[in-house]
A.B. asks: 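So that we are looking at the same thing, I have put the structure below in structure tokens.
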Amino acid sequence: MRPRRSSPLAFGVFGILALTFAVVVVIAGLVGGDDAGVPAGPKTGPVATENGGPMPVEGAEISPPDVTPPSPLKLREAGDGNGAGGVPITLAARSGTSVDLRSMRRTDTTARLQRNPLYGTGVMGSVACRAPRPSTQPAAMYGYLSAVTNCLDRAWAGKFAQARAVFLAPRRVYWTRPGRGPCGTYPASGAAAYYCPSNRGMYIGLTHLIRESGNVDPAQNHVPYLTVLAHEYGHHVQAMSGIGGAWWWEVADRSKSAQDAHSRRSELQAQCLAGIFTRAVRVPLAVTAARWQSVLELEYSRGDDQNGLGKRDHGNGDHFAGWINQGWKYSKIAYCNTWSVPASYVS
């Protein structure tokens with residue numbers, strides 16, 4: 001899910017990266033092969049960010065949690081029936097092995113969350129990326145988002161290749177007028193950019209995106225738009241790695257509080273993955289220290305304790321800003337393993 005409403009920034013304050021998108025399908029770039037069935041996915045509607053009025057807190061600081069990489073996850077060879085039978089193998093050690101991590105048994109869900117093969121792929125190095133300067137014009141924003149998505153495709157395809165896992169790029173749906181997709185209508189109530197696991201679609205508005213981001217001039221600071229895109233792509237990474245299906249299977253028939261707790265881990269992991277990619281393109285896309293600080297300020301006031309929505313499904317401001325900075329700081333997917341850390345790190 002992704003951005004909620006933003007508000008004015010204050011020095012030393014983490015404000016809101018609000019990118020709520022609304023409006024028609026300029027479907028640009030249909031990427032990837034045939035749709036593959038996803039065994040389970042979070043909810044039936046759009047995985048979307050919700051809107052809110054932030055209340056920044058003076059002097060807040062973020063402290064990225066110190067997490068430890070997990071031990072390798074071993075899976076059966078492809079063709080063994082979703083892990084039934086066969087000899088366990090470590091994916092990274094088997095050249096040519098390709099496992100679809102979306103396929104799993106109910107008993108596999110905890111391992112898929114906590115010891116996913118992606119966690120063993122190390123640092124995401126610098127990614128070559130070229131993108132035109134965005135502006136408030138839909139055509140310019142489309143050009144920018146499309147170019148950055150190309151970079152995201154290459155970066156994450158490389159990581160899945162390292163994990164010897166199947167990767168399909170997401171579909172891209174950029175819209176300027178309301179429409180409907182497999183996960184429902186858009187714009188949805190309280191929704192911004194969202195990822196739909198049913199068709200591997202990233203739904204992004206071109207004009208509403210800017211309006212709901214406090215009209216931050218993308219020509220002056222494009223990084224908030226970069227990070228919201230990277231966050232939604234993070235949900236696609238979760239879907240392709242089986243994390244998206246696994247967490248929902250674990251709590252689908254449990255209480256709302258249990259579902260919210262898993263939702264927070266999912267959202268904060270997507271934040272961390274967004275931080276990793278942003279760091280990887282910091283040089284070619286000019287992600288300066290000042291621009292990054294602005295993002296942290298924006299992300300802070302999107303936290304559950306700051307936005308006035310009364311929900312607890314995204315994480316508090318410290319953690320919402322802290323986990324994206326965690327990805328930026330360490331650049332390792334293993335350090336985005338929100339599923340193995342104490343609940344106090346994802347509150």
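Side chains are part of it too, since the values below use all heavy atoms of this structure and drop only hydrogens, waters and symmetry mates. Residue indices begin at 1 and follow the sequence shown.
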A.B. asks: Name all residues meeting the side-chain hydrogen bond (donor to acceptor under 3.5 Å, both in side chains) criterion together with Thr109; count only those two or more places apart in sequence or in a different chain, and write none if there are none.
C.D. replies: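 For Thr109, the residues satisfying side-chain hydrogen bond (donor to acceptor under 3.5 Å, both in side chains) (neighbours in sequence not counted) are Glu250.
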A.B. asks: Drop me the distance from Leu145's CG to Leu226's CG, to the nearest 0.5 angstrom.
C.D. replies: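 With rounding to 0.5 Å, CG (Leu145) is 9.5 Å from CG (Leu226).
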A.B. asks: Determine whether Pro117 and Arg164 make a side-chain contact, defined as any pair of heavy atoms from C-beta on separated by less than 4.5 Å.
C.D. replies: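 The answer is no; the side chains never approach within 4.5 Å.
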A.B. asks: What residue among Tyr174, Tyr233, Tyr144 forms side chain to side chain donor-acceptor pair (under 3.5 Å) with Thr149?
C.D. replies: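 By the side chain to side chain donor-acceptor pair (under 3.5 Å) criterion, Thr149 pairs with just one of Tyr174, Tyr233, Tyr144: Tyr174.
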A.B. asks: Got a second to check how far Trp248's CH2 is from Asp253's CG, nearest 0.5 Å?
C.D. replies: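 Interatomic distance, Trp248 CH2 to Asp253 CG, rounded to 0.5 Å: 9.5 Å.
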A.B. asks: Is a donor on one side and an acceptor on the other found under 3.5 Å between the side chain of Asn116 and the backbone of Ile243?
C.D. replies: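 Side chain of Asn116 to backbone of Ile243: no pair is present.
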A.B. asks: Applying side-chain hydrogen bond (donor to acceptor under 3.5 Å, both in side chains), name anything that partners Lys332, two or more places apart in sequence or on another chain.
C.D. replies: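 side-chain hydrogen bond (donor to acceptor under 3.5 Å, both in side chains) check on Lys332 returns nothing, list empty.
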A.B. asks: For residues 124-136, tabulate all N or O donor-acceptor pairs below 3.5 Å that involve a side-chain atom, not counting sequence neighbours.
C.D. replies:
| unit_1 | atom_1 | unit_2 | atom_2 | d |
| --- | --- | --- | --- | --- |
| Ser135 | OG | Gln137 | N | 3.1 |

A.B. asks: Look at the side chain of Tyr119 and the backbone N and O of Leu113, then say whether any donor-acceptor pair between them is shorter than 3.5 Å.
C.D. replies: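 Yes, because the side chain of Tyr119 sits within donor-acceptor range (under 3.5 Å) of the backbone of Leu113.
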A.B. asks: For Gly201 and Tyr203, which heavy atoms make the closest approach, and how far apart are they?
C.D. replies: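 Smallest interatomic distance, heavy atoms only, reads O-CD1, 3.5 Å.
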A.B. asks: Which pair of heavy atoms, one from Val228 and one from Ala193, lies closest together, and at what distance?
C.D. replies: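 Distance-wise, the nearest heavy atoms are CG2-CB, 4.4 Å.
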A.B. asks: Under a 4.0 Å N-O cut-off, is there an ion pair linking Arg264 with Asp260?
C.D. replies: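 Asp260 and Arg264: not salt-bridged.
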A.B. asks: Side chain of Gln271, backbone of Phe320: donor and acceptor closer than 3.5 Å?
C.D. replies: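 Yes, because the side chain of Gln271 sits within donor-acceptor range (under 3.5 Å) of the backbone of Phe320.
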A.B. asks: Using the test side-chain hydrogen bond (donor to acceptor under 3.5 Å, both in side chains), find all partners of Ser344 that sit at least two apart in sequence or belong to another chain.
C.D. replies: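 Listed in chain order: nothing, the list is empty.
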A.B. asks: Determine whether a donor-acceptor pair (N or O, by modelled atom type, separation under 3.5 Å) exists between the side chain of Gln326 and the backbone of Tyr335.
C.D. replies: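 Yes, the answer is positive, given that a donor and an acceptor are paired below the 3.5 Å cut-off.
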A.B. asks: If you measure from CG on Leu273 to CG on Leu152, what distance do you get to the nearest 0.5 Å?
C.D. replies: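 It is 11.0 Å, given to the nearest 0.5 Å.
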A.B. asks: Taking all non-hydrogen atoms of both residues, which atom of Ser241 and which atom of Leu101 are closest, and how far apart?
C.D. replies: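 Residues Ser241 and Leu101, closest heavy atoms: O-CB, 3.3 Å.
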A.B. asks: When rounded to the nearest 0.5 angstrom, what is the spacing between CD in Glu299 and CG in Asp318?
C.D. replies: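 If I round to the nearest 0.5 Å, the distance is 13.0 Å.
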A.B. asks: Show your reasoning for whether side-chain contact (heavy atoms from CB on, under 4.5 Å) applies to Val341 and Arg265.
C.D. replies: CA-CA 9 Å; Val341 300; Arg265 291 182 186 272; 3.8 Å; yes
A.B. asks: Search all heavy atoms of Met202 against all heavy atoms of Leu229 and return the closest pair with its distance.
C.D. replies: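 Nearest pair, atom of Met202 first, then Leu229: CE-CD1, 3.9 Å.
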A.B. asks: Keeping the roles fixed (side chain from His319, backbone from Gly303), state whether a donor-acceptor pair exists under 3.5 Å.
C.D. replies: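 Not confirmed, His319 side chain does not pair with Gly303 backbone.
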A.B. asks: Parallel, tilted or perpendicular, judged at 30° and 60°: which one describes the rings of His262 and Trp247?
C.D. replies: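 Judged by the thresholds at 30° and 60°, the geometry between His262 and Trp247 is tilted.
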A.B. asks: Stepwise, does the side-chain contact (heavy atoms from CB on, under 4.5 Å) test hold for Val295 with Val287?
C.D. replies: CA-CA 10 Å; Val295 165; Val287 183; over 6 Å; no
A.B. asks: Scan for side-chain hydrogen bond (donor to acceptor under 3.5 Å, both in side chains) pairs involving residues 274-292, sequence neighbours excluded, and state none if there are none.
C.D. replies: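 Pairs touching residues 274-292 that pass the test: Trp292-Asn325.
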A.B. asks: With distance as the sole test, does Trp323 use its side chain to make a donor-acceptor pair with the main-chain N or O of Gly275 at under 3.5 Å?
C.D. replies: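 Flag not set: sc Trp323 to bb Gly275 has no pair under 3.5 Å.
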A.B. asks: Nearest heavy-atom pair of Pro218 and Tyr225: which atoms, and what distance?
C.D. replies: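 Minimum heavy-atom separation between Pro218 and Tyr225: CB-CE1, 3.6 Å.
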A.B. asks: Has the side chain of Gln238 got a donor or acceptor atom that lies under 3.5 Å from a matching backbone atom of Ser266?
C.D. replies: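 A pair under 3.5 Å: yes.
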A.B. asks: Do Arg115 side-chain atoms and Arg112 backbone N/O form a donor-acceptor pair below 3.5 Å?
C.D. replies: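 A pair under 3.5 Å: no.
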A.B. asks: Is there a donor-acceptor pair under 3.5 Å between the side chain of Arg102 and the backbone N or O of Gly245?
C.D. replies: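 Answer holds: no.
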A.B. asks: Are Lys159 and Gln162 close enough that a side-chain donor and a side-chain acceptor fall under 3.5 Å?
C.D. replies: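 A donor-acceptor contact under 3.5 Å links the two side chains.
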A.B. asks: Can you sort out the partners of Thr107 under side-chain contact (heavy atoms from CB on, under 4.5 Å), two or more places apart, ordered by chain and number?
C.D. replies: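 Residues passing side-chain contact (heavy atoms from CB on, under 4.5 Å) with Thr107: Arg105.
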A.B. asks: Strictly distance-based, threshold 3.5 Å: is any side-chain N or O of Thr227 a donor or acceptor partner for the main-chain N or O of Val223?
C.D. replies: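 Yes: the side chain of Thr227 pairs with the backbone of Val223.
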A.B. asks: Only one of Thr121, Val237, Val166 clears side chain to side chain contact (heavy atoms under 4.5 Å, CB included) with Phe160; which?
C.D. replies: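 With Phe160 as partner, side chain to side chain contact (heavy atoms under 4.5 Å, CB included) holds for just one option, Val237.
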A.B. asks: Only one of Phe277, Trp156, Tyr194, Phe167 clears ring-ring contact (aromatic ring centres under 6.0 Å, His included) with His236; which?
C.D. replies: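 Considering Phe277, Trp156, Tyr194, Phe167, a ring-ring contact (aromatic ring centres under 6.0 Å, His included) with His236 is found only for Phe167.
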A.B. asks: When rounded to the nearest 0.5 angstrom, what distance separates OG in Ser263 from NZ in Lys256?
C.D. replies: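 Answer rounded to 0.5 Å: 8.0 Å.
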A.B. asks: Roughly how far apart are Ser257 OG and Asp313 CG, rounded to 0.5 Å?
C.D. replies: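 So the gap between those two atoms works out to 12.5 Å.
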A.B. asks: List the atom of Arg200, the atom of Leu168, and the distance in Å for their closest heavy-atom pair.
C.D. replies: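 For Arg200 and Leu168, the tightest heavy-atom pair comes out as NE-CB, 3.7 Å.
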A.B. asks: Between Cys336 and Ile276, is there a side-chain heavy-atom distance shorter than 4.5 Å?
C.D. replies: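 Contact flag for Ile276/Cys336 side chains = yes.
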A.B. asks: Can you find a heavy atom in the side chain of Arg154 that is under 4.5 Å from one in the side chain of Cys151?
C.D. replies: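 They are in side-chain contact.
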